[in-house]
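Inspection log for the structure reproduced underneath, given as structure tokens.
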There are 2 protein chains.
Amino acid sequence: MSYDTADIAARLQAARKARGLSQRELSDLAGVPQAQISRIEAGTVDLRLSSLVALAHALDLEPTLVPRKALPAVRSLSRDAVSASRKDIVAAQKEIQRISETMRGLQIKAPNLEGLQQLQKSFSELQRFRVPTLDLKGLKQLRQALELINRPTQDMAALSQSIKLMQSVRNKAAHGPVRDADDIPSRPAYSLDDEDDDA
Amino acid sequence: MSYDTADIAARLQAARKARGLSQRELSDLAGVPQAQISRIEAGTVDLRLSSLVALAHALDLEPTLVPRKALPAVRSLSRDAVSASRKDIVAAQKEIQRISETMRGLQIKAPNLEGLQQLQKSFSELQRFRVPTLDLKGLKQLRQALELINRPTQDMAALSQSIKLMQSVRNKAAHGPVRDADDIPSRPAYSLDDEDDDA
DNA sequence: CTTCATGATGCAGTTTAATGTATCGCTCCT
DNA sequence: AGGAGCGATACATTAAACTGCATCATGAAG
């Protein structure tokens, strides 16, 4: 593999990870099989431009040709500010996913639960933030507290605790360092409060 | 063909033409068959990344992935300032080629010709300029005058005329609009005052 | 009119990316 | 221990890029 092809493969992988996408998720978005993505990122194939474009678009990137002498400038323009580790971003997304599911479950099983409305309001506010700005530890605590409510015990203490945690995470996100992550969209590519199939 | 693939193909062609390269010349440089280059520029093939890289490198370009939101900035960085028409650049290169050959002929057939040294000095200065900055009309006149000297008639008037023209072209290039042609090298990719095979 | 270079196109044959499916080993979590 | 999701890999098959070579039409130059 030549320098550039390897470089491009690496950039694809970096962009994917920066968004916390798995190869399978990206596969769905780009319409390229997971197996093929694996090969591409490994640099074991000489991929076609159409594949590159498909993947790039799914990652909100654009393949372009730039003059060698303009390269440094372009590079500095397209730095992906990664601040938070990919692992943490992925983990945070998972937490949000589960929180979202739990919230839906609550809404169904106990729609009249006192405080549920406030919880939902906080959550929808929370979801307006970009994932990398969210505090992973806080999300974890929040998720655990929420799942406590969703059990037969109906722990009311857990509910007020959840409200507190939810607002705490939201506030942290609002006041935290600004981390202007260039090319990371405010929401992951797939919807969180997604379709239905159970309602 | 998707938008980007077409765009990339177009950029390749633009870059090639901006350098006044024929498909065959580029073919030699990049190691990609002329037929294939034609197909690629026409956008009738889904080229492989290796091909793209080969062509791009031959044109002093680099394929990169840039974030969508950084695109406008990158685009403005990599504008190929084309001011002079491709046709004229090609034509100018040909004129220079022929001038170079004529100069070599003179050097061999009449090394002691008065003024030849000055002519050569002017020419070597002239060659320091980028082709697109050179005045095509002046080059044509210069070439014709030079070829007059190189005939049996040994037209001395043509010689002083040549010196004048040579300096005129040189001066125009020196004072003309700056045309900072991003990605156009100061010399065409193939050498003009080339190897030897006659010396 | 002839010559020459250019870009486009055709064709046979080879190479290889792409795909679908399935599996494997790994790590993390319960 | 078991399950879930991850990335890597294997296989057979299909589709298509690539190659080398030959040709053709066009347009410019002598």
Side-chain angles (χ1 to χ4, degrees), chain A residues 1 5 8-10 12-14 16-17 19-28 30-55 85-95 97-98 101-102 136 139-140 143-144 147-148 150-151 188 190, chain B residues 1 5 8-10 12-14 16-17 19-28 30-55 85-95 97-98 101 136 139-140 143-144 147 151 190:
Chain A
M1 281 300 125
T5 62
I8 284 184
L12 280 178
Q13 188 178 51
R16 174 178 65 81
K17 287 185 173 171
R19 281 144 221 272
L21 292 175
S22 72
Q23 289 182 348
R24 276 173 239 269
E25 287 165 336
L26 177 56
S27 168
D28 290 341
V32 176
Q34 176 267 327
Q36 187 63 7
I37 294 179
S38 172
R39 284 184 270 260
I40 288 171
E41 288 185 355
T44 63
V45 291
D46 184 7
L47 79 169
R48 303 214 174 130
L49 186 50
S50 59
S51 302
L52 176 60
V53 168
L55 292 174
S85 90
R86 301 81 165 67
K87 276 225 143 173
D88 286 352
I89 297 180
V90 178
Q93 285 186 338
K94 278 188 187 161
E95 296 298 342
Q97 177 74 43
R98 292 178 60 174
E101 283 160 4
T102 306
L136 180 55
L139 283 176
K140 265 187 181 150
R143 192 246 313 161
Q144 288 169 348
E147 287 175 350
L148 267 183
N150 208 13
R151 275 178 223 298
Y190 54 90
Chain B
M1 280 298 125
T5 62
I8 284 185
L12 280 178
Q13 188 179 55
R16 175 178 66 80
K17 287 185 173 172
R19 279 143 222 272
L21 292 176
S22 71
Q23 289 182 348
R24 275 171 239 272
E25 286 166 336
L26 178 57
S27 169
D28 290 341
V32 175
Q34 176 267 327
Q36 189 63 8
I37 294 179
S38 171
R39 284 183 266 260
I40 288 171
E41 289 185 354
T44 64
V45 290
D46 184 5
L47 80 169
R48 302 209 176 137
L49 185 52
S50 60
S51 302
L52 176 60
V53 168
L55 292 173
S85 88
R86 302 79 165 69
K87 276 224 140 175
D88 286 352
I89 297 179
V90 178
Q93 286 186 339
K94 280 188 186 161
E95 295 297 342
Q97 177 74 43
R98 293 178 60 174
E101 284 160 3
L136 179 55
L139 283 176
K140 264 185 180 152
R143 193 248 309 161
Q144 288 170 347
E147 288 175 348
R151 278 179 218 299
Y190 52 88

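As the structure is a prediction and not an experimental result, all values here were calculated from the model. Hydrogens, waters and symmetry mates are skipped; everything else that's a heavy atom, side chains included, is used. In what follows, chains carry the letters A, B, and so on, assigned in the order in which the sequence lines appear, proteins first and then strands, with residues in each chain numbered from 1.
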### Task
Check whether any side-chain nitrogen or oxygen of B:R143 sits under 4.0 Å from OP1 or OP2 of D:dA29, and answer yes or no.
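Checking D:dA29 against B:R143, no side-chain N or O comes under 4.0 Å of OP1 or OP2.
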### Query
According to a strict under-4.0 Å criterion, is B:S38 in side-chain N/O contact with OP1 or OP2 of C:dG7?
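Negative; the distance criterion is not met.
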### Message
On the side chain of B:Q23, is there an atom forming a donor-acceptor pair with the base of C:dA8 - under 3.5 Å, no angle test?
### Response
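Side chain to base: no pair present.
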### Task
Please confirm whether any donor atom in the side chain of A:R24 sits under 3.5 Å from an acceptor in the base of D:dG5, or the reverse.
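No.
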Rounded to the nearest 0.5 Å, what separates atom [atom1] in [X] from atom [atom2] in [Y]?
X     : Y     : atom1 : atom2 : result
A:L26 : A:Q13 : CG    : CD    : 11.0 Å
A:Q34 : A:R24 : CD    : CZ    : 4.5 Å
B:L52 : B:I8  : CG    : CD1   : 5.5 Å
A:S50 : B:L47 : OG    : CG    : 9.0 Å

### Query
Touch check for A:S22, heavy atoms < 4.0 angstrom, all strands: base, sugar-phosphate only, or nothing?
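Sugar-phosphate contact only - A:S22 comes under 4.0 Å of backbone atoms but never of a base.
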### Query
What nucleic acid atoms does B:E41 come within less than 4.0 Å of, heavy atoms only: base, sugar-phosphate, or nothing?
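Here B:E41 touches no strand at all.
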### Query
In degrees rounded to 10°, what angle is found between the helical axes fit to the five outermost pairs at each end of the helix from C:dC1-D:dG30 to C:dT30-D:dA1?
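Roughly 40° between the end axes, to the nearest 10°.
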### Message
Please check: side-chain N/O of B:D46 versus main-chain N/O of A:R48, any donor-acceptor pairing under 3.5 Å?
### Response
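Not at all, since once roles are kept as given, no pair shorter than 3.5 Å links the two residues.
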### Nearest heavy-atom neighbours spanning B:I40 and B:L55
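Between these two residues, the closest heavy atoms are CD1-CD1, 3.9 Å.
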Please state how far atom [atom1] in [X] lies from atom [atom2] in [N], giving the value in whole angstrom units.
X     : N      : atom1 : atom2 : result
A:D28 : D:dG5  : CG    : C1'   : 14 Å
B:L55 : D:dC18 : CG    : P     : 9 Å
B:I37 : C:dG7  : CD1   : P     : 9 Å
B:Q34 : C:dT6  : CD    : P     : 9 Å
B:Q13 : C:dT6  : CD    : P     : 15 Å

### Message
Restricting to side-chain hydrogen bond (donor to acceptor under 3.5 Å, both in side chains), what partner residues turn up for A:R39, sequence neighbours left out?
### Response
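Scan of A:R39 (side-chain hydrogen bond (donor to acceptor under 3.5 Å, both in side chains), adjacent residues dropped) gives A:Q36.
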### Query
Who passes side-chain hydrogen bond (donor to acceptor under 3.5 Å, both in side chains) against B:R16, sequence neighbours left out?
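side-chain hydrogen bond (donor to acceptor under 3.5 Å, both in side chains) list for B:R16, sorted by chain: B:E41.
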### Message
Within the 4.5 Å heavy-atom criterion, are A:S27 and A:I37 side-chain neighbours or not?
### Response
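Yes. Closest side-chain heavy atoms under 4.5 Å.
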### Protein-to-nucleotide contact annotation, 5' to 3' order, nucleotides 14-20 of chain C [B base; S sugar-phosphate only; - none; under 4.0 Å, heavy atom]
--BSSBS
